Protein chains: 2
Amino acid sequence: MTALRAFEAAARLGGFARAADELCVTPGAVAQQVKALEEWCGAALFERRAQGVVLSWVGVRVLPGLTGAFDALGAAVGELRQAALPGRLHVAALPAVAQLWLSPRLPAIRAALPDLEISVSALEQPPNMAREPFDMTVFYGDGAGLGIARDVIFPVCAPQLAGQLETVEDLAAVPCLSDAVWAQDWPIWLAEAGAEVQVSGPVYSLYALAVEEALHGAGVLIGHGALVSRHLDSGALVAPFGTRAELPRWLEIGVRDGALSPPLRALSRLLAGKSSL
Amino acid sequence: MTALRAFEAAARLGGFARAADELCVTPGAVAQQVKALEEWCGAALFERRAQGVVLSWVGVRVLPGLTGAFDALGAAVGELRQAALPGRLHVAALPAVAQLWLSPRLPAIRAALPDLEISVSALEQPPNMAREPFDMTVFYGDGAGLGIARDVIFPVCAPQLAGQLETVEDLAAVPCLSDAVWAQDWPIWLAEAGAEVQVSGPVYSLYALAVEEALHGAGVLIGHGALVSRHLDSGALVAPFGTRAELPRWLEIGVRDGALSPPLRALSRLLAGKSSL
DNA sequence: GAATACCCCCAGTAATTCTATGCCTGTATA
DNA sequence: TATACAGGCATAGAATTACTGGGGGTATTC
């Protein structure tokens, strides 16, 4: 059973490490389960190569059925959760999105939809909606989902720091904050701005933390439109330069395939409709 | 996961005890799993009544999807086993059938189909083919499957004992062997024979054991046609009376729904074709 | 009014699964 | 050519999970 899950994930994702990631276990655990399954059925499911594993013929043959079965199981579990407590919604979002975009909107949404109980989980990677018990996701994606806003980046900083920034080249003289997983943001924007200057500064593992530091005047942050607009509106942050770089990705809402339940439809409408905030 | 299995079985079979039976665990284990699932999803899946449990509205709603998902999983596992080792067949049969009917036929079948590796498991109850990894079952059923022979019962005994049996009433004077799960055999046959006589004798939990005892002259056994015909042919047992009671059930072969693999087709043809033996 | 057939609860135990570690192999980098 | 690195293997011990076995309760059945 567990072995089937491990095999399905490894086969679908093409590696034990990735499967381990999805299943939230160590690669060793996946390897063990796959090996147990191979012993049970008496045939090799993968060919082991130095650079990873590739599906054997038997594996190729059984993967579609297995994937379909697990998807059906995931759908049944989702149906169970919804039938049990129709007003409960569970949203998964990138930590930065959850804290900087979703969280400020929740009070108004909870007031508008008082019968809903909305839970939020912060995840680094978008979950597999067909398997995990989430009702909605808010992540940056390639535009396949329900788009909220294009991701645009531009430097932002506390107002008192903006006086030091006359030209783009002045950035070399101040700390330039950035996020670890979005390490390319500064180079991309600098290229867009046509600047040759090298910038440097502290790197944060949590974007919200970098925003916090920028609010306190710790440096210039490379801001993401949707995540800093609130502070731009309030004046707590300002954008010292006019140049904006558009990234090829959108902040978007994802829902399970199939019929949207009324509460889910109401929530997604509220979230998508307020994109201009 | 385990909880989903437990719930599905309990809901489908209408009781924790029956589910426990199918899953080969104690009823307490099923109750625990179902309770855990109810706590996880936050709604009652069953209504507890004194005479058992009945599905709640939520339970009714999610059962079909869950059953379908588990069936799909079972089918995928079956596909895996077959793809891994196409020549391996696993037959489930009633212990008596396995020992007295199937086992004598296997040598000839193995000779005819040398590429097949045929395993046999003795089970008291027919397994759920959609879930358990069996390729074929041989049980007594109501005629829905591939019938082999109608179940007929009649007394049989060792030849030296037959001399003591002039009339049906003489049965009261000799030990009348019977099987624990087929306790009604003697009353049914006696009613068919129109006799008022009361018979008694040792009861066996294993029909094959009762046959063995009858061969040794320990008493008169209520014989099942398919299970004693071999000994009647060899003369090791004789039927002292002409009356035969036909039971409303047939010895029959069951296979998974869908396409029969060539090895399975060959095996079922051999087994069904040799029913006259 | 016993016997039966269910299910509930709890504590201890048994089984499974996971982590942690060191090792190996082939690829990519310097 | 040397060196890091990514991915998988193997084992033992640890943690989690699931199961058993006991006692108890409540309706139906004969």
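Reckoned from all heavy atoms, side chains included, excluding hydrogens, waters and symmetry mates. Computed from a predicted model, the values in this text were never measured in an experiment. Below, chains carry the letters A, B, ... as their sequence lines are ordered, and counting in each starts from 1.
Judged by closest nucleotide on DNA chain D, A:Gln32 is the one of A:Gln32 and B:Thr26 placed further toward the 5' end. Take the nearest nucleotide of DNA chain C for B:Gly52 and for A:Arg49: the residue whose nucleotide is more 5' is B:Gly52.
Atom CD of A:Glu47 is separated from atom P of D:dG8 by 14 Å (rounded to the nearest Å). Rounded to an integer number of Å, the gap from CZ of B:Phe16 to P of D:dC19 is 14 Å. Nucleotide D:dG7 holds its P atom 11 Å from the CG atom of A:Asp21, rounded to whole Å. Whole-Å rounding puts the A:Arg5 CZ to D:dT17 P distance at 14 Å. The distance from atom CG of A:Leu55 to atom P of D:dG8 is 12 Å, rounded to the nearest whole Å. For the pair B:Gln51 CD and D:dT26 P, the interatomic distance rounds to 15 Å; values are reported in whole Å. A straight line from CD of A:Glu38 to P of D:dG8 spans 12 Å, rounded to a whole angstrom. The interatomic distance linking A:Arg18 (CZ) with D:dG8 (C1') rounds to 13 Å, in whole Å.
For B:Ala29, taking side-chain heavy atoms from C-beta onward, the closest of the listed nucleotides D:dT20, D:dG8, C:dT19 is D:dT20. Closest contact between the side chain of B:Ala17 and the listed nucleotides D:dG8, C:dT17, C:dC6 involves C:dC6.
Enclosure of atom CD in B:Gln51 by more than 12 non-hydrogen atoms of other residues, nucleotides or ligands within 6.0 angstrom is indicated. Residue-environment remark: CD (B:Glu169) exceeds the threshold of 12 foreign heavy atoms within 6.0 Å.
Counting heavy atoms from C-beta outward, A:Leu45 and B:Leu80 have side chains that approach closer than 4.5 Å.
Taking CH2 from A:Trp40 and CG from A:Leu4, the interatomic distance works out to 7.5 Å, rounded to the nearest 0.5 Å.
Regarding contacts with the backbone of D:dA10, a side-chain N or O of A:Lys35 is found under 4.0 angstrom from either OP1 or OP2. Remark: A:Gln33 is in phosphate contact with C:dC18, judged by side-chain N or O atoms under 4.0 Å from OP1 or OP2. Between D:dG7 and A:Arg48, no contact under 4.0 Å exists linking OP1 or OP2 to a side-chain N or O.
Evaluated for a ring-ring contact (aromatic ring centres under 6.0 Å, His included) with A:Trp182, the options A:Tyr204, A:Tyr140, A:Trp189 yield exactly one hit, A:Tyr140.
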